[in-house]
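Counting starts at 1 for both ligands and their atoms, in listed order. Quick note: residue numbers are just sequence positions, from 1. As the structure is a computational prediction, the values presented were derived from the model and not from experiment.
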Amino acid sequence: MPLLKPPLPRILINNVSCMRNAQTVLRNINVSMHDGSALVLTGANGSGKTTFLRMLAGFSRPSAGEILWEGHDITSPGVFQQYKLQLNWLSLKDGIVDKQTVLDNVEWFEVLEGKCGKSMGALELMGLGRLANEKARMLSMGQRKRVQLARLLAIDRQIWLLDEPSVALDDEGVRLLEYIIAEHRKKGGIVFVATHLPIKIEDAMSLRLPQRFPRRKTLVDLVR
Ligand SMILES: Nc1ncnc2c1ncn2[C@@H]1O[C@H](COP(=O)(O)OP(=O)(O)OP(=O)(O)O)[C@@H](O)[C@H]1O
């Protein structure tokens with residue numbers, strides 16, 4: 001009987017290192033991501049979680065190793081054009097335009113995709129339906145984060161890169177985040193989450209990045 005080949009991972013991070021500011025931040029990282037998988041990145045401040053996501057988004061290049069998407073190196077120009085259309089990136093900078101309405105701040109992303117019709121539903125799911133026509137400057141920190149989550153839902157992209165997605169969310173907001181991640185994965189979505197806060201993600205892989213600058217002094221040294 002012929003042996004079945006295991007499916008190729010959608011994303012393969014193959015012995016990747018990455019430098020920032022002439023220093024190696026990430027060293028020899030290996031991860032395979034199949035459709036529906038999730039990876040939770042943790043680690044101390046400065047350990048490289050955002051750098052990891054930036055590299056996946058194509059903002060930084062690996063200094064060694066390669067990131068393959070469907071078997072192709074994402075840094076190849078022809079491949080990157082296709083690959084970047086799979087990405088949805090939620091970062092600490094929310095990119096919200098204060099003088100536009102809440103709805104415009106989500107719809108704009110749909111328009112860029114050449115689509116329309118999902119933004120209002122996404123805002124309603126995030127509990128912001130009533131604020132849709134208000135100017136975004138009215139929003140609280142947690143509401144701004146909910147707008148970012150609504151953007152994830154309004155555009156249909158397989159790979160989510162989430163940098164501290166639960167910061168400023170209340171308990172209900174965190175549950176919503178967990179829910180949309182679970183639903184996205186059921187449809188074959190792939191999720192990378194960098195976080196300091198616990199987020200329940202079933203069967204997620206986890207990668208704890210080593211601390212880069214261990215403390216040399218203790219708090220006791222400081223008060224002496
Ligand atoms: N714009 C930049 N230019 C050069 N080096 C940077 C830049 N941003 C971050 N770094 C460095 O890269 C290293 C990793 O930073 P990174 O932001 O990836 O860490 P992190 O794990 O996300 O941290 P945190 O938990 O504080 O968000 C740090 O040493 C930081 O000083």
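Close contacts of ligand 1 with Lys49, meaning ligand atoms under 4.0 Å from a residue heavy atom, involve 18 (O), 19 (O), 20 (P), 21 (O), 22 (O), 23 (O), 24 (P), 25 (O). Listed by number with element, the atoms of ligand 1 under 4.0 angstrom from any heavy atom of Thr51 are 14 (C), 15 (O), 16 (P), 18 (O).
The distance from atom CG of Asn15 to atom CG of Asn28, rounded to the nearest 0.5 Å, is 5.0 Å.
For atom 10 (N) of ligand 1, the candidate residues are Glu164, Arg20, Met55; the nearest heavy-atom contact is made by Arg20. Looking at Asn45, Asn21, Leu26 and measuring to atom 26 (O) of ligand 1, the nearest heavy atom belongs to Asn45.
Electrostatic pairing of Asp98 and Arg144 counts as a salt bridge here, judged by a charged N lying under 4.0 Å from a carboxylate O.
Linking ILVMFWY residues whenever their side-chain heavy atoms come closer than 4.5 Å, directly or via other members, leaves Trp108 and Leu103 in distinct clusters.
Look at Ala44 and you'll find a heavy atom under 4.0 Å from some atom of ligand 1. The closest approach between any non-hydrogen atom of Ser47 and ligand 1 is below 4.0 Å.
Ring geometry, Trp160 versus His184: the interplanar angle falls under 30°, so the pair is classed parallel (tilted spans 30 to 60°).
For Gly48, a nitrogen or oxygen atom sits less than 3.5 Å from a nitrogen or oxygen atom of ligand 1, counting backbone and side chain alike. Not one N or O of Gly43 is nearer than 3.5 Å to an N or O of ligand 1, by distance alone.
With a 4.0 Å cut-off on non-hydrogen atoms, His196 touches ligand 1 through its side chain and not its backbone.
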